[in-house]
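I have placed the structure first, in the form of structure tokens, so that the comments after it can refer back to it.
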Amino acid sequence: MAAHDADAPVKNRTTSRKLSRVGRQISILPPMCPKHAGRAYRAIGIKPHPCPRGRFSANNRPPTRAVWASVFLIPIATQTIAGAGFSLGVSAGDVTPTGAILWTRADDAIGVVAEVATDADFSAVIFRADAEATPDNDQTIRVTADGLPPDTTLYYRFSAKDQPDCVSRVGQFRTAPLDGDNRAVRFAYSGDSDFRYAPFGILGHAAREDLDFFIWFGDTIYGDVPAGGLGRATTLADYRAKYRQMRSDPYLQELAASTAFYVGWDDHEIYNDYAGMDPDLSAEQREAAYQAFFEYMPIRANPAEEWRTYRQFRYGSMLELFLLDDRQYRDQSVEDLCNALDPYGVLLGPFGKDNDCIDLLDSPRSMLGDAQFDWLVDGLRASETRYRFVVESITMSFVGLLPYDHWDGYEAERRRLLEAIDQSRIENVIVLATDIHASAYNPDLTVPFRFPRGNYDLPNGIRVQELVAGPIGTTSFKEAIVGVGAEFLGAPRAGFEALFDALEPLLLTRLRQISNYRHFEPNRFSYVRIDIGEDGRAKATSFGLPPSRSDVDTGELERVFEADLSEPAAGLPCGLPIGVLMAGLGLAASRTAPGRSSAAASGTRASASAGASARRGRRGRVWAHR
């Protein structure tokens with residue numbers, strides 16, 4: 001692994017080092033308005049900012065000893081990082097050439113003023129708006145800033161009305177260039193942030209990349225996993241508490257203040273493997289989960305559809321983003337009808353193949369829903385930019401094993417989509433995916449559908465690349481394999497980990513055979529950075545940290561892989577059959593990692609018979625989330 005670029009921009013290193021020493025402590029603490037800590041601040045010679053009167057809005061209880069300890073440990077960070085009265089930081093999102101959504105949460109129910117300026121000192125304010133933080137919206141603020149100058153770095157902040165000294169930290173973002181502008185672009189993306197693994201040091205590294213924007217996509221919370229003293233979320237209060245907890249992470253706050261966000265959800269914003277109008281999910285819980293997401297994210301509301309998250313954004317002449325919703329509109333999985341590990345016979349050949357199950361997987365079922373599917377195809381056809389990035393919370397590449405929750409489980413619609421791209425000769429379509437807790441690159445995901453399967457009509461040879469990023473922090477692909485494999489074989493964990501390490505090259509070989517993946521890193525918390533030059537050439541670089549040191553940012557950030565997105569795909573390599581076992585075990589493990597059921601959360605495993613029974617009930621299932 002190579003080191004991060006030596007000349008890459010580095011920001012706020014001093015602050016980050018301070019935070020890293022106490023980051024884990026801060027990240028589990030409830031927000032506290034500095035007015036309650038005035039005596040503590042004065043004792044160490046720091047004058048606290050005045051703040052509106054109110055109760056402890058995070059959870060309506062007085063500060064614990066740990067909170068008071070944090071006041072003494074990081075008094076400077078409390079004031080300059082979080083901002084007095086706005087302890088969850090700030091965020092800007094859904095940026096266009098002339099507008100952005102500005103977000104914060106006030107620690108108390110107050111009137112708030114949002115300001116945007118062309119300078120960090122706010123001597124040139126170009127936008128100002130009033131808003132109200134009320135219990136109805138959990139004291140969150142979302143302001144639509146418009147009339148902004150295109151392709152300009154801007155600064156924003158929030159303050160309490162009539163109390164200008166009670167002010168948030170300053171955030172910054174850059175508006176998008178105009179449609180015809182040809183300028184270089186740098187952005188990054190990742191997903192899967194499980195608070196059990198906070199603080200998220202990998203996001204602190206991303207904050208120093210001098211990004212035009214960051215895409216935080218999929219499993220932005222793990223609502224169904226107990227973490228940091230919070231249980232599983234089922235009510236609006238529960239989901240709000242999960243987002244407050246996530247927003248307390250210091251590295252997330254650092255990244256959110258440094259650049260614009262584009263966000264999207266996956267299943268764990270509700271619960272594992274959630275699919276559309278799941279009959280086992282109450283309308284009240286679905287509504288609560290959706291409302292909390294919109295309250296805590298800088299996402300632009302759609303007047304025609306209250307909870308619509310699929311949307312597109314153009315960034316000059318270089319790229320267009322198509323942000324998908326892979327969950328809300330999808331049909332139910334056929335897993336309960338198939339219940340087969342390897343219906344395509346990828347692992348077990350004819351012994352595992354199940355033609356009846358394949359027919360069900362290929363039935364006319366939808367992942368995106370008709371309206372979103374047509375919107376995506378029409379948008380790709382009409383796009384005039386150099387690159388078209390399809391951002392989604394699941395992978396599109398064929399794997400075949402345990403196909404139910406991914407595009408493999410919605411074969412007919414994937415075929416329609418890829419055939420539409422090929423028949424319309426839409427070039428430079430690149431899928432940006434998360435979900436599998438590994439980072440990977442596929443230079444052409446259409447290869448398995450042309451050869452050896454040959455069941456798609458793709459005569460024009462248009463390739464579709466796929467990049468996979470993450471996780472930000474959760475059980476890694478490797479950790480899941482090792483845990484399940486050691487238990488399955490009754491072997492010591494250390495011994496099975498050594499076996500995995502020895503066979504890892506063969507796993508990649510088999511993934512190349514099955515899916516055409518060229519890079520696959522199973523054990524890093526990561527993000528992928530994409531650089532597009534003025535000449536139109538694009539490069540993707542995956543950066544990562546080993547999970548063992550994800551809570552600090554003083555170590556060396558590793559370069560996991562690089563991919564030239566402008567180069568044609570290379571030919572297929574030869575493969576070795578032994579890799580089949582590791583590929584199968586890996587996919588099975590990715591569905592049985594800790595935290596994916598009540599049994600797993602307590603460190604136990606359900607029996608195979610219990611698993612079969614649980615799969616008949618969506619919320620009682622023991623198959624793991626990804």
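Numbering starts at 1 and runs along the sequence shown. Computed from a prediction, not measured in an experiment: that's the story for all the values here.
Ring orientation note: the planes of Tyr222 and His268 are close to parallel, at an angle under 30° on the 30°/60° scale. Classified by interplanar angle (parallel below 30°, tilted 30° to 60°, perpendicular above 60°), the ring pair Trp103/Tyr296 is tilted. Ring geometry for Tyr156 against Phe173 counts as tilted: the plane angle lies between 30° and 60°, on a 0 to 90° scale.
Residues satisfying the salt bridge (charged side-chain N to carboxylate O under 4.0 Å, His left out) criterion with Arg311, sequence neighbours excluded, are Asp94. By the side chain to side chain donor-acceptor pair (under 3.5 Å) test, Thr118 pairs with no residue at all, sequence neighbours left out. Residues passing the salt bridge (charged side-chain N to carboxylate O under 4.0 Å, His left out) test with Asp181, sequence neighbours excluded: none.
A pairwise comparison of heavy atoms in Asp212 and Arg183 identifies OD1-NH2, 3.2 Å as the closest pair.
Put simply, the side chain of Thr175 gets close to the backbone of Asp151: a donor and an acceptor are under 3.5 Å apart.
With hydrogens and angles left out, the side-chain atoms of Asp107 and Ser87 include a donor and acceptor closer than 3.5 Å. Between the side chains of Thr153 and Arg174, at least one donor N or O sits under 3.5 Å from an acceptor N or O. Side-chain atoms of Gln328 and Trp265 form no donor-acceptor pair, as typed in the model, at a separation below 3.5 Å. In the model, Glu295 has a side-chain atom that pairs as donor or acceptor with a side-chain atom of Gln291 under 3.5 Å. There is a side-chain donor-acceptor pair under 3.5 Å between Gln285 and Tyr239.
A centroid separation of 6.0 Å or more is found between the aromatic rings of Trp307 and Phe293. Centroid-to-centroid, the aromatic rings of Phe389 and Tyr315 stay 6.0 Å apart or farther. Less than 6.0 angstrom separates the ring centroid of Tyr310 from the ring centroid of Tyr329. Between Phe213 and Phe187, the distance from one ring center to the other falls under 6.0 angstrom.
Cation-pi contact between Arg157 and Phe122: present, with separation from the ring centre below 6.0 Å and deviation from the ring axis of at most 45°.
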